[in-house]
Amino acid sequence: MLVCIDIGNSNITLGLIHHDQIVGKYRLTTKARRSSDEFGLMLQSFISRENIEKEDIDDVIITSVVPKVMHSCRNGVFKFFGIEPIIVRPGLKSGISVQMENPRSVGADRIVDCAGAYFHYGGPVLVIDFGTATTYDFVDEKGRFRAGVISVGIETGALALTNQTAQLPEIEIRKPKTIMARNTQSEMEAGVFYQYLGGVEYTIRQFQKQADTNKPIKVVATGGLGRIIHAHTPLIDTYDADLIFKGLNVIYKKNKPIKE
């Protein structure tokens with residue numbers, strides 16, 4: 001059994017993989033002050049809910065964009081399970097050749113997503129992760145990470161509109177019934193949704209236009225709000241909520257330690 005942990009700015013997601021199949025998924029909020037004991041106990045609780053014994057855990061692999069949280073998580077894994085987790089970092093085999101000006105500046109989670117997309121869907125592929133920020137990562141048919149775009153996440157943008165503008169309410173991220181909005185809340189919902197959707201579609205078209213490839217680009221979306229956008233545009237081929245776990249599994253296999 002492989003335990004996959006993705007530590008993001010807002011959430012920590014946990015995936016349990018057995019024979020390449022995801023058998024359990026859990027999510028908790030990211031808190032910098034959570035102790036290693038809290039991490040260990042929560043991980044132990046999640047595993048118990050799936051009727052998995054501690055002895056059944058072969059390895060743990062972690063990707064993180066929050067170093068302080070990763071430190072506590074790593075210590076909790078070692079303390080409660082006696083396993084030194086594999087940390088996704090520069091130098092670890094991923095099957096993706098990062099050909100950016102500064103390869104080390106590319107977040108580990110983006111590399112993991114690209115590995116998952118490339119080895120499951122093939123290349124060229126454009127990976128769009130709808131998270132706190134929205135990232136677009138282009139991997140060509142040879143597995144080379146050649147370009148990326150970082151933009152404001154849809155929820156982040158909506159919160160900024162609410163927090164920075166007096167008397168505007170919080171809104172739900174959804175497609176409104178009509179663009180002909182007649183009250184403040186529906187006006188905001190329409191504005192956020194359609195402006196964001198239009199930006200996503202335009203960005204995809206620019207990759208399709210400017211990427212130096214003769215093959216059609218597969219567009220794969222992931223991240224919590226990716227499902228909403230995917231449902232309303234034909235330009236995204238696939239939505240894969242489990243892409244990060246698939247990528248972690250790929251990377252684990254390429255770096256799997258030899259057991260005595």
Side-chain angles (χ1 to χ4, degrees), residues 1-8 12-25 57-65 85-100 103-131 134-150 203-204 207-208 211-224 226-227 229-230 235-259:
M1 183 75 65
L2 175 66
V3 178
C4 300
I5 302 174
D6 172 37
I7 303 174
I12 299 172
T13 53
L14 169 74
L16 305 175
I17 297 180
H18 184 59
H19 296 315
D20 295 331
Q21 299 297 315
I22 299 171
V23 297
K25 295 188 296 183
I57 304 300
D58 298 307
D59 274 302
V60 178
I61 184 168
I62 302 173
T63 181
S64 173
V65 295
I86 297 171
I87 309 298
V88 179
R89 55 167 60 96
L92 205 65
K93 298 175 185 177
S94 67
I96 301 297
S97 174
V98 182
Q99 300 191 352
M100 303 288 279
R104 290 179 177 270
S105 69
V106 180
D109 56 332
R110 296 170 67 186
I111 303 300
V112 175
D113 277 342
C114 287
Y118 180 74
F119 287 100
H120 281 80
Y121 302 103
V125 60
L126 178 64
V127 183
I128 311 176
D129 188 344
F130 294 90
T134 297
T135 56
Y136 302 76
D137 298 319
F138 175 70
V139 179
D140 68 14
E141 56 268 32
K142 295 183 180 180
R144 298 175 298 189
F145 186 134
R146 288 177 42 206
V149 168
I150 301 173
T203 304
I204 292 172
F207 271 101
Q208 292 170 333
D212 184 17
T213 178
N214 295 321
K215 296 183 179 181
I217 300 172
K218 183 85 171 183
V219 181
V220 179
T222 191
R227 188 188 306 275
I229 301 301
H230 170 244
L235 298 185
I236 296 176
D237 299 300
T238 302
Y239 173 74
D240 192 337
D242 299 324
L243 192 63
I244 194 77
F245 299 138
K246 292 176 180 178
L248 285 170
N249 192 38
V250 166
I251 293 174
Y252 172 72
K253 287 181 176 181
K254 291 183 178 297
N255 297 273
K256 186 176 180 180
I258 299 175
K259 300 292 184 180

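Along the sequence shown, residues carry numbers from 1.
In this structure, S64 OG and I12 CD1 are separated by 8.0 Å, a value rounded to the nearest 0.5 Å. Here CZ of F138 is found 8.5 Å from CG of D212. Values are rounded to the nearest 0.5 Å. The structure places OH of Y252 at 8.5 Å from CD1 of I61, a figure rounded to the nearest 0.5 Å. Atom CG of residue L2 and atom CD1 of residue I86 lie 7.5 Å apart, to the nearest 0.5 angstrom. Atom CG of D6 sits about 7.0 Å away from atom CG of L248, to the nearest 0.5 Å. Here the CD1 atom belonging to I96 is positioned 8.0 Å from the CD1 atom belonging to I251, to the nearest 0.5 angstrom.
Looking only at side-chain heavy atoms (C-beta outward), L243 and H120 stay at 4.5 Å or farther from each other. Annotation: side chain of I244 is not in contact with side chain of C4 (no heavy-atom distance under 4.5 Å).
A side-chain hydrogen bond (donor to acceptor under 3.5 Å, both in side chains) check over residues 141-150, counting only residues at least two apart or in different chains, returns the pairs D140-R144, E141-T213. Within the structure, the salt bridge (charged side-chain N to carboxylate O under 4.0 Å, His left out) test picks out no pair touching residues 89-98 (sequence neighbours left out). Residue pairs meeting the salt bridge (charged side-chain N to carboxylate O under 4.0 Å, His left out) criterion with at least one member in residues 104-127, sequence neighbours excluded, are R110-D137.
The two residues F119 and S94 have their closest heavy-atom pair at CE1-O, 3.6 Å. F245 and I17 get closest at one heavy-atom pair: O-CD1, 3.6 Å. Contact record, I62 with V60: CG1-CG1, 4.2 Å, taken as the closest heavy-atom pair. V125 and A117 make their closest contact through CG2-CB, 4.1 Å (heavy atoms, listed as atom of the first residue, atom of the second, distance). Here the shortest heavy-atom pairing between G8 and V65 reads CA-CG2, 3.8 Å.
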#### Entry: Residue pair V3, L16: steps toward the side-chain contact (heavy atoms from CB on, under 4.5 Å) verdict
CA-CA 5 Å; V3 178; L16 305 175; 3.8 Å; yes
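Counting only distance, with no hydrogens or angles, the side chain of T222 and the backbone of D129 share no donor-acceptor pair below 3.5 Å. Checking side-chain atoms of D237 against main-chain N and O of V219 turns up a donor-acceptor pair under 3.5 Å. Counting only distance, with no hydrogens or angles, the side chain of H230 and the backbone of G226 share no donor-acceptor pair below 3.5 Å.
Remark: K25 engages D242 in a salt bridge (charged side-chain N to carboxylate O under 4.0 Å, His left out) (not counting sequence neighbours). The side-chain contact (heavy atoms from CB on, under 4.5 Å) check on T134 picks up I128, F130, Y136, S151, Y196, with sequence neighbours excluded. Taking K253 as the reference, D20 meet the salt bridge (charged side-chain N to carboxylate O under 4.0 Å, His left out) condition, with sequence neighbours excluded. Every side-chain contact (heavy atoms from CB on, under 4.5 Å) that R227 has, sequence neighbours left out, goes to Y239, A241.
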